[in-house]
There are 2 protein chains.
Amino acid sequence: MGKRTTIGDVASAAGVSVATVSRVLNGGAVREDTAARVLAAVTSLEYTPNALTRSIFSGRSTTIGVVIRDLSSPFYLDLMRGIDEVASANDSLVMFANSYRLPDREVAHVRTMDEQRVRGLIVTTGEPADSRTRGMTANGTPCVVVARTVADPPPGLHSVSLDNVAAGRLMAGHLAACGRSAVGVVRSGQRQSQVERTAGLGAGLVDAGLPSPAVVEAATEEEVPTAVAGLLEGRPDAVVCMTGRLTVATYQALTAAGRAVPEDVAFLTMDEFTWAAALGITVVAQPSYDMGRQAASLVVEAPAEPVRRVFAPTLVARRSCGE
Amino acid sequence: MGKRTTIGDVASAAGVSVATVSRVLNGGAVREDTAARVLAAVTSLEYTPNALTRSIFSGRSTTIGVVIRDLSSPFYLDLMRGIDEVASANDSLVMFANSYRLPDREVAHVRTMDEQRVRGLIVTTGEPADSRTRGMTANGTPCVVVARTVADPPPGLHSVSLDNVAAGRLMAGHLAACGRSAVGVVRSGQRQSQVERTAGLGAGLVDAGLPSPAVVEAATEEEVPTAVAGLLEGRPDAVVCMTGRLTVATYQALTAAGRAVPEDVAFLTMDEFTWAAALGITVVAQPSYDMGRQAASLVVEAPAEPVRRVFAPTLVARRSCGE
DNA sequence: TTGAAAGCGCTAACAA
DNA sequence: TTGTTAGCGCTTTCAA
């Protein structure tokens, strides 16, 4: 497997100095026939420049780091695609790590990204990683926190998130319009986003003269059946799922309990997903792809002032809430 | 944003040479109190080693490159998770790029991965990228082709794939057992894997004394309704979808055409997916997560001889084929 | 146990 | 237009 061909090999093959080779590769002033000789050598030697050594210079790679909590969630998946799209368009690669919602992994991954001297970092992590992220921005690495806002961000630390209160209100409005009144909520925990959505839902319901929703929590899919059973005891005519991750489990718990959707109970959930249209499930969608694009753009453009971009949710009405 | 702290800064702060700092960081022989002084300096200066400069030495980064055709497909998603899992366990990061099934992008991305001097490369690309991949193995970069086999692989070029013929036979056996006889196939094109699955299905059907399946092709979801309509003219009692990517569209085309599953027509598709259990859809599953782990392991272990790992498919029988 | 010094492959002044 | 010469931040001989 020998040594790889270096810029020096190309230089000797073309009978020029390494500086000249570097120039033709990066677009400096070179005489045409010299350039041709160099290019010929590059081709015949199959020379592939070393991006690592290159970035040693700028002190920074061209790679965008992404630490995702859960790749299997439709939201994060589309987010990732949006990021990848912008990265590709800017000749950047995406360096990726999945944290599986484990704080320790999040912190470790963010550190590794820092070691890799990523051009910028996009994280969907929780607070534990924040101190390192702040440190990175101090070193000139733009960071973007997704699906969460950061209190008192330093220059270079941005956020891209959803207007979660609006999402909750959208749900309340639709449910009220569909003539539902006893609303039950399933959520996975106390994450900022879900708490805000629940608050928005509650406020919207009150505005419509309806009672506040009952709330149950299920951290994992396994806990959903029990949680939903608890909810059902209150005889709700609508069940709302506050996170796309629990959509299947919640829907399944409903039908397994013998409740027909939407006849017995309306069903409304977060985040658009592949089967939603086919199943006629109404959702409040996040523009996740655009959010990914925006996050990556913030990395690429690296504005000095902290940017806080809040996206509006959309209601995609289908059959699952009746009417 | 000033210059970043370097190993030199740590050295002066601790009153030692850079060599000593390097030693305590990489585990050389250092006196205990010296090491302690260095570590203290590392902490107080918040020194984060530069992985880029580090890998300039080995001529190789610790990153595993992955070029995926389509992140939104359940197969590739799980594959990705398996890869990420093994990478993390080996302190490697995953450098990722989505090619959206565009050959040009595939080739470009593979090239970029080579420039990044990835430790190894996992690709789900088509043939156009093969020549570069071969070149990379010649330079000592292990490469793994997923979901496809490579003819006459050089040392270091491995493949991880499914036994597609067996998958097709599994389908035939199940369909026959469910009393179906007129089988129609939807596939997205002439990709090796789908052709083999179709061949396996045909062979299995013949073995069961049944007629060969009718086959239609739909490159995209948009083309599915027309394709399925064509299939339906032949009055099949079973429709098989050869790629997970078209599952939703095919299923939806069937119900939109007024065919009840499984009463009017059995439905069978490739790849396990989140909603399959809830919807009672029978699938032939690939062990995609394990395939991802295997691919990443091949990169990490880098055997010299080309390894060709073929995984067995599994039938997950549910309600969609009757019986 | 430590430090000085020579690179790793490349870019960017500065000369020629 | 080209070559020479410093480095970039780090690891690794080789001496001390």
Could you list the protein-to-nucleotides 12-15 of chain C atom pairs, N/O on both sides, closer than 3.5 Å?
none

How long is the line joining [atom1] of [X] and [atom2] of [N], in whole Å?
X        : N      : atom1 : atom2 : result
A:Arg60  : C:dT11 : CZ    : C1'   : 18 Å
B:Arg54  : C:dG9  : CZ    : C1'   : 19 Å
A:Leu25  : C:dC10 : CG    : C1'   : 11 Å
A:Leu52  : D:dG9  : CG    : P     : 15 Å
B:Arg4   : D:dC8  : CZ    : C1'   : 14 Å
A:Asp114 : D:dG9  : CG    : P     : 15 Å
B:Arg37  : C:dT1  : CZ    : P     : 15 Å
A:Ile56  : C:dG9  : CD1   : P     : 11 Å

With a sphere of 6.0 Å drawn around CD of B:Gln192, does it hold more than 12 non-hydrogen atoms of other residues, nucleotides or ligands?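 Yes, CD of B:Gln192 has more than 12 neighbouring heavy atoms, counting only those of other groups under 6.0 Å.
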Would you tell me if any nitrogen or oxygen in the side chain of B:Thr6 comes within less than 4.0 Å of OP1 or OP2 on D:dG9?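 No, because none of the side-chain N or O atoms of B:Thr6 sits under 4.0 Å from OP1 or OP2 of D:dG9.
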Does a side-chain N or O from B:Thr53 land closer than 4.0 Å to OP1 or OP2 of D:dT11, or not?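 For D:dT11, OP1/OP2 do not have a side-chain N/O of B:Thr53 under 4.0 Å.
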Looking at A:Asp114 and B:Arg4, is any side-chain nitrogen of the basic one under 4.0 Å from a carboxylate oxygen of the acidic one?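 Looking at A:Asp114 together with B:Arg4, the answer is yes, because their closest N to O distance falls below 4.0 Å.
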Does a salt bridge link A:Glu85 with A:Arg81, judged by any charged N lying under 4.0 Å from a carboxylate O?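 No.
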Shortest non-hydrogen pair, B:Leu93 vs A:Met113, comes out as CD2-SD, 4.0 Å
Looking across every strand, which nucleic acid part, if any, lies under 4.0 Å from B:Ser58 by heavy atom: base, sugar-phosphate, or nothing?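 The residue B:Ser58 makes no contact with any strand.
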Taking only the side-chain heavy atoms of B:Ile7 (C-beta and beyond), determine which of C:dG3, D:dC10, C:dG9 contains the nearest atom.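 So the side chain of B:Ile7 is nearest to D:dC10.
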Selection: residues 42-49 of chain A, any non-hydrogen atom under 4.0 Å of DNA chain C: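 Of all residues in residues 42-49 of chain A, the ones placing a heavy atom under 4.0 Å from DNA chain C are A:Tyr47, A:Pro49.
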Distance to the ring centre below 6.0 angstrom and angle to the axis at most 45 degrees; does that hold for A:Arg54 and A:Phe57? no
